[in-house]
2 protein chains.
Amino acid sequence: MFSNSDPIRRLSNYRRVLCKLRALGFERFVSDNLGGALDISPAQVRKDFADYGLTGNKKGGYDVRDLIEKLNKILGKNELQKIIVVGCGGMGRTLMGYNGFSGEGMKVVAGFDSNPSLIDPRAIIPIYDINDMPEYIQKEKIELAIMTVPESAASKVSEVLKGCHIKGILNFAPIMLKSSEECIIRNINIIHEMENIIYFARKIGNED
Amino acid sequence: MFSNSDPIRRLSNYRRVLCKLRALGFERFVSDNLGGALDISPAQVRKDFADYGLTGNKKGGYDVRDLIEKLNKILGKNELQKIIVVGCGGMGRTLMGYNGFSGEGMKVVAGFDSNPSLIDPRAIIPIYDINDMPEYIQKEKIELAIMTVPESAASKVSEVLKGCHIKGILNFAPIMLKSSEECIIRNINIIHEMENIIYFARKIGNED
DNA sequence: TAGATTGTTAATCGATTAACAATC
DNA sequence: TAGATTGTTAATCGATTAACAATC
């Protein structure tokens with residue numbers, strides 16, 4: 001069911017570039033333009049567009065605004081996406097304070113933690129006791145969560161979230177949670193990203 | 001030259017699982033074990049091992065400690081990896097304070113920012129003026145950087161880092177920086193990760 | 001030994017790219 | 001119209017998997 005997440009990643013990148021083109025006043029573009037900006041072949045761009053029903057014009061290329069509109073629909077930009085942050089340590093609070101969500105149709109509506117000293121229901125983005133999370137999720141119809149708990153808590157918390165019928169989790173804990181039919185999970189493992197960089201960086205010569 | 005980063009990601013995952021096995025007292029494992037823990041086929045595990053010179057024993061499988069040792073070598077775990085954080089806003093400071101690096105052979109040795117009020121050369125992990133960065137990189141032979149600057153500064157800062165012969169960058173700014181022969185770059189785009197999750201989450205039915 | 005597992009090759013699968021007819 | 005670009009199909013490429021001989 002989950003096939004490949006790469007095409008959707010490319011759609012996100014296409015959209016970002018097109019928003020910039022729009023801001024610069026461009027009205028049309030061709031597959032070659034867009035691909036070039038992202039190191040993607042024009043054939044790949046056209047294939048992706050075909051796969052997701054994005055059409056252009058033989059000759060004139062594609063309409064910037066039209067394409068953004070269609071990408072918005074595909075990527076769920078037309079309805080506000082409510083997100084909860086589970087685990088309000090350093091990373092959790094940083095993400096709660098991240099101001100990049102609001103321009104992208106996303107909003108962190110609450111945080112949850114087990115540490116009483118972090119709980120603050122009166123804050124602009126309230127932080128509640130994690131025991132109150134299931135009720136909140138149900139009442140507010142939350143479908144998306146960002147998990148920023150310590151590794152020790154990660155499996156348990158992910159089970160609770162799944163039990164609450166959360167549909168999507170962005171997991172920052174250093175443990176590979178697997179997606180299922182009921183819940184799509186993406187893992188961000190900063191240590192592994194650094195290991196990857198280190199592996200390839202070590203292959204770069206020292207002769208400068 | 002950069003082929004595919006996926007095999008190395010799998011090696012990171014293998015290593016993490018093996019460290020857990022070791023902690024649990026396991027001495028040996030078979031490709032089936034390891035694959036099962038990560039949703040990877042045993043054939044893929046053996047293929048990866050073959051590709052990176054990791055050998056086992058026909059019959060008895062593989063030795064946990066031996067494999068970890070070999071993976072450590074491949075992933076650069078045997079020498080301390082010094083990292084600088086460029087951009088000391090919320091995300092930058094969170095990463096500077098992240099205590100997961102030290103157990104993994106990595107250390108954030110300094111931060112850099114252009115905002116005078118953030119500069120603090122006396123801190124445990126000092127924060128210096130970004131203008132002093134090139135000198136610091138050269139003197140301390142820094143090869144790795146984490147970029148947590150605003151989008152508006154991202155291209156410029158990445159150019160400066162490349163100019164300083166930094167070999168690897170983990171970029172959190174919402175702009176797709178491309179790797180080159182001299183500098184390997186990995187981009188983490190939280191908005192795009194959420195868009196990906198939202199796309200697939202929306203395909204999950206509402207009938208519960 | 002018999003059974004189990006590796007290491008490796010060949011087959012399969014899927015994703016990317018090349019090529020080109022359609023057409024604006 | 002001539003030239004340029006899409007949309008799509010077929011070819012290519014590379015990664016994953018199946019299968020099995022080697023062997024512990």
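Numbered from 1 within each chain, the chains take letters A, B, ... in sequence-line order.
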**Student:** Is B:Tyr52 near enough to C:dG7 that one of its side-chain N or O atoms lies under 4.0 angstrom from OP1 or OP2?
**Tutor:** no

**Student:** Taking only residues two or more places apart in sequence or in another chain, which ones pass ring pair (Phe, Tyr, Trp, His ring centres under 6.0 Å) with B:Tyr98?
**Tutor:** B:Phe101

**Student:** How long is the line joining OH of A:Tyr62 and P of D:dA4, in whole Å?
**Tutor:**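 Result: 17 Å.
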
**Student:** For A:Phe49, which contact category applies under a 4.0 Å heavy-atom criterion: base, sugar-phosphate, or nothing?
**Tutor:**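 The residue A:Phe49 makes no contact with any strand.
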
**Student:** Report, as a single string ordered 5' to 3', how protein heavy atoms within less than 4.0 Å touch nucleotides 16-24 of chain D: B base, S sugar-phosphate only, - not at all.
**Tutor:** BSBB--BBB

**Student:** Enumerate, in order of first residue number, the stems that involve DNA chain D, defined as 3 or more consecutive Watson-Crick or G-U wobble pairs with both distances under 3.5 Å.
**Tutor:**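 Stems for DNA chain D, defined as runs of 3 or more consecutive pairs: C:3-24 with D:3-24.
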
**Student:** Classify the side-chain pair A:Arg186/A:Asn171 by whether it contains a donor and acceptor separated by less than 3.5 Å.
**Tutor:** no

**Student:** Under the side chain to side chain contact (heavy atoms under 4.5 Å, CB included) test against A:Lys77, which residue among A:Ile68, A:Leu71, A:Asn72 passes?
**Tutor:** A:Asn72

**Student:** For a side chain to side chain contact (heavy atoms under 4.5 Å, CB included) check, start with the C-alpha distance between B:Ile204 and A:His165, then their side-chain angles and the critical distance, and finish with the verdict.
**Tutor:** CA-CA 10 Å; B:Ile204 296 174; A:His165 308 297; over 6 Å; no

**Student:** Mind listing the side-chain donor-acceptor pairs of residues 23-34 of chain A below 3.5 Å, one per line with the distance, residues two or more places apart or on another chain?
**Tutor:**
{"unit_1": "A:Arg28", "atom_1": "NE", "unit_2": "A:Gly60", "atom_2": "O", "d": "2.9"}
{"unit_1": "A:Arg28", "atom_1": "NH2", "unit_2": "A:Gly61", "atom_2": "O", "d": "3.2"}
{"unit_1": "A:Ser31", "atom_1": "OG", "unit_2": "A:Arg46", "atom_2": "NH1", "d": "3.1"}
{"unit_1": "A:Asn33", "atom_1": "OD1", "unit_2": "A:Val30", "atom_2": "N", "d": "3.0"}

**Student:** Tell me the salt bridge (Lys or Arg N to Asp or Glu O under 4.0 Å) pairs involving residues 149-158 of chain A, sequence neighbours left out?
**Tutor:**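 Listed once each, the pairs are A:Glu151-B:Lys20.
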
**Student:** Within residues 25-38 of chain B, find the residues that approach DNA chain C with a heavy atom at under 4.0 Å, and present them sorted by residue number.
**Tutor:** B:Val30, B:Ser31

**Student:** For the side chain to side chain donor-acceptor pair (under 3.5 Å) test, which of A:Arg15, A:Arg9, A:Arg16 pairs with A:Asn13?
**Tutor:** A:Arg16

**Student:** Would you say that A:Ser102 contacts A:Lys107 through its side chain, given a criterion of any heavy-atom pair below 4.5 Å between the two side chains?
**Tutor:**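 Side chain of A:Ser102 against side chain of A:Lys107, heavy atoms only: no contact under 4.5 Å found.
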
**Student:** Check the distance between C:dT9's C1' and B:Asp51's CG and give it to me in whole angstrom.
**Tutor:** 13 Å

**Student:** Ignoring hydrogens and geometry, is there a side-chain-to-backbone donor-acceptor pair from A:Thr94 to B:Thr94 under 3.5 Å?
**Tutor:** no

**Student:** Could you go through B:Met106 and B:Lys82, starting from their C-alpha distance and side-chain angles, then the distance that decides it, and tell me whether this counts as side chain to side chain contact (heavy atoms under 4.5 Å, CB included)?
**Tutor:** CA-CA 6 Å; B:Met106 304 174 196; B:Lys82 291 186 289 185; over 6 Å; no

**Student:** Tell me: CG of A:Leu54 to P of D:dG7, nearest whole Å?
**Tutor:**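 Interatomic distance, CG of A:Leu54 to P of D:dG7: 9 Å.
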
**Student:** Is the closest side-chain donor-acceptor distance between A:Tyr14 and A:Asp48 under 3.5 Å?
**Tutor:** yes

